[in-house]
S.K.: 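I am attaching a structure below and will ask some questions about it afterwards.
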Amino acid sequence: MIDSAQTNELIASSDDAHGLSDHEHHDFRVFGLLTFLFSESLMFGGFFATFLVLRGAAAQWPPEETEVELLLPAINTIILVSSSFVIHLGDDAIKKNDVKGMRLWYAVTALMGVVFLGGQLYEYLTLGYGLQTNLFANCFYLTTGFHGLHVLVGVFLILGVLWRSRREGHYSDTQHVGIEMAEIYWHFVDIIWIILFTLIYILALL
Amino acid sequence: MAQAQIPIQSMPPMPPEMPKAWKWYDYFTFNIDHKVIGIQYLVTAFVFYLIGGLMALVMRAELSTPDPDVLDPELYNALLTNHGTIMIFMWIVPAAIGGFGNYLVPLMIGARDMAFPRLNALAFWMVPPAALLLIGSFFFGGAQSGWTAYPPLSEITANTAQSMWILAIVLVGTSSILGAVNFVVTIMKMRVPSMSWDEIPLFCWAMFATSLLALFSTPVLAAGLVLLFFDINFGTAFFKPEEGGDVVLYQHLFWFYSHPAVYLMILPIFGIMSEVIPVHARKPIFGYKAIAYSSMAICFVGLFVWVHHMFTSGTPGWMRLFFTISTLIVAVPTGVKIFSWVATLWGGKIRYTSAMLFAIGLLAMFVFGGLSGVTLGTSSFDIHVHDTYYVVAHFHYVLFGGSVFGIYAGIYHWFPKITGRMYNEPLGIVHFVMTFIGTNLTFLPMHSLGLHGMPRRVAMYDPQFQTLNQLCTFGAFLLGASILPFFINMVWSWINGPEATSNPWNGLTLEWTTDSPPIVENWETLPTVTSGPYEYGMGKTLPYLGINGAEVAEESATS
Ligand SMILES: [Cu+2]
């Protein structure tokens, strides 16, 4: 049975659908994003499964001439994981109607994301092997590259939030779905990285 | 949203930019109305059904003689690849999910549109470019490795065309994920408040299960295809055994999607069946909950059966055992549905409309295809008939006798609602008879061909198979001809058919409470659910909510 509070919400949203049929449903966007990210995580799942199957069949993984570096990715991991906390500060700020604070924390997050990408690029350039070198390199570049693409999208989402927030009153303590969605996406990218880091770098130590 | 906090009873005036009805050219634009998008999907898919069907006829012409005398064998390979791809990704999936799903789900749950109308339009507009990529690939020889695109074949033949093929599939895959997100959110959140979970029409349950399955499986296929794309174009070796890669890995990634894909193609059809049968049998559906939950069960078990396509890929014994058992288990919830429909028909006052004829035909064909599916799911038998015409026979019974029959049933059933016109019943019956005979003439002999060892995907074959092949070819051309009465009926009736009332079949689901065709945004005042959707034969009629939301006495409906 539907309780009455929920009923009101449903009535409200169907009215909303009538008056504003030209717009997406703000109330459902977070739910929609979560559904999409669930699906997206399974694409990473496909890549991770591939990685593990190929690793299981290989005599040595990673092979001798394609070892991975550890220090730089570890620093990168710290940056990305802490950026997840920073972006949450931004979310806290907007809940207190502090748009300036939100802008600050989101800008810092975007910056950390860019630093992460820069670190990734530096790693690619200094590793001494490329995509085609061997099977491990195939997996390495494909998974980290695909993840990096997601980080880039996340940075653009945050920049989008910053761009929109320049207009006064666009976001407030009661109206900030876009901010929330950017944060959720950023956490998603972060979680994927932790799995990826474990698979590629930590497992290489074993 | 300040407005969203307060329940408002009276409607705000129509925004000026939303017209009362759409003009013909609106159907060729980026339109966000779910009904327009539904029709866009259906019509686009039908065009590709014709294209894919023509490919099949050319192949059947080739196979009327044992020698490869009509076509160049490589073109034959390209045709068989693209016939399968188009029929699956450009016809059945977009028609069943995109077409009926988008058109009917909001109408059935009392919503004005899908949760994300723009996303919905975006998802549709990914299909035409994908289709152009597939058609365009023929200028580069056409992909030749079958719709399964197994490496190494897919990596060593027609590289450009194969890459275009991959891009096309990734595009439609993305489209179907976006569509699935929309369906899940819409069905969970957008129901009219008076509708509880056990009053949701079974078609919507089916769409819900379908969407969950699409969300689970499609991204894995995308992953596999991206790897294949890298192997072909960027020199990686994921699926190249000579460099340590693994071809069987591709098969796992592919079938993890493509087995559930058969449910993407049949679950919405099961939903259509559960709507059409009770309406025309004038009886409550037998086992509402059993049908609803069996969709969810199929969705869950269906994720763990994919290796039954790979019994001959060096699969270890324990896998054969496990996946044989899981495959046989998945037949159980399917059987539950079949028995429920038969029980619904039992003792009903059946109206033999074209929709009902196709539904009953589907029941017969699908049971046949389901039984051959059970035999194929048993590894000990499958190993003998793998990649023979027996497999071709099986999946055409399921996909043509099942999915396509169901799409026809759905088109006839909702034609009055969609177009506001009645179709011509005798012509519909002619269409059914031709299709039914054609299907069996084309695909029944293939069982025998396969059991006698004729391999699939070949342009030439041993002369001993010629007679049966000619029978198949004859049946195929009969099937091709069966499109004519259908096409004439649809076009002529859409223009000149007698006007349809809002509820010509006396249905009890919510789409019948609004005009035929429904107004933009579906209702002036949202309908209220007062009874379950299938309480037929109990003297229930549906209030018709006229233009101003007042209940209007319906002109006595044909019964
Ligand atoms: Cu299967």
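Proteins get letters first, then strands, A, B, ... in listed order; numbering begins at 1 in each. The figures that follow rest on heavy atoms only: side chains count, while hydrogens, waters and symmetry mates do not.
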S.K.: Within a reach of under 6.0 Å around CZ of F156(A), are more than 12 heavy atoms found that belong to other residues, nucleotides or ligands?
M.R.: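 Open: at most 12 neighbouring heavy atoms sit under 6.0 Å from CZ of F156(A).
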S.K.: Using every non-hydrogen atom in the two residues, find where F234(B) and Q132(A) come nearest and quote the distance to one decimal.
M.R.: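 Taking F234(B) first and Q132(A) second, the nearest heavy atoms are O-NE2, 2.9 Å.
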S.K.: Select, from T218(B), V226(B), L178(B), the one with the greatest count of heavy-atom pairs under 4.5 Å involving chain A.
M.R.: V226(B)
S.K.: Of all of L227(B), D198(B), L253(B), D231(B), which one pairs up most often with chain A through heavy atoms under 4.5 Å apart?
M.R.: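 Of the options given, most contacts go to L227(B).
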S.K.: Count the heavy atoms belonging to other residues, nucleotides or ligands that lie under 6.0 Å from CH2 of W105(A), then report whether that count exceeds 12.
M.R.: no
S.K.: Are more than 12 heavy atoms from other residues, nucleotides or ligands located less than 6.0 Å from atom CH2 of W197(B)?
M.R.: yes
S.K.: Can you name the ring-ring contact (aromatic ring centres under 6.0 Å, His included) partners of Y103(B), sequence neighbours left out?
M.R.: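 Partners of Y103(B) under the ring-ring contact (aromatic ring centres under 6.0 Å, His included) test: none.
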S.K.: Heavy-atom distance under 4.5 Å to chain A: side chain of A111(B), backbone, both or neither?
M.R.: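 Contact with chain A is absent: no heavy atom of A111(B) under 4.5 Å.
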S.K.: Say whether, by atom type as modelled, one donor and one acceptor occur between the side chain of N138(A) and the main chain of A237(B) under 3.5 angstrom.
M.R.: yes
S.K.: For residues C139(A) and F238(B), report the shortest heavy-atom separation together with the two atoms involved.
M.R.: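 Closest approach of C139(A) to F238(B), heavy atoms only: SG-CE2, 3.7 Å.
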S.K.: Look at the side chain of E243(B) and the backbone N and O of N134(A), then say whether any donor-acceptor pair between them is shorter than 3.5 Å.
M.R.: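 Answer holds: no.
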S.K.: Can you tell me which portion of L212(B) sits under 4.5 Å from chain A's heavy atoms? Options are side chain, backbone, both or neither.
M.R.: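 Neither part; nothing is under 4.5 Å.
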S.K.: If we only count heavy atoms from C-beta on, is the L131(A) to F230(B) side-chain gap below 4.5 Å?
M.R.: yes
S.K.: Just to be sure I understand the criterion: a residue of residues 34-58 of chain A counts if one of its heavy atoms is under 4.5 Å from a heavy atom of chain B. Which ones qualify?
M.R.: T35(A), F36(A), F38(A), S39(A), L42(A), M43(A), G46(A), F47(A), T50(A), V53(A), L54(A)
S.K.: Just wondering, more than 12 heavy atoms not from E242(B) lying within 6.0 Å of its CD?
M.R.: yes
S.K.: Rounded to the nearest 0.5 Å, what separation is found between the CZ atom of F31(A) and the CE atom of M188(B)?
M.R.: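 The distance works out to 4.0 Å.
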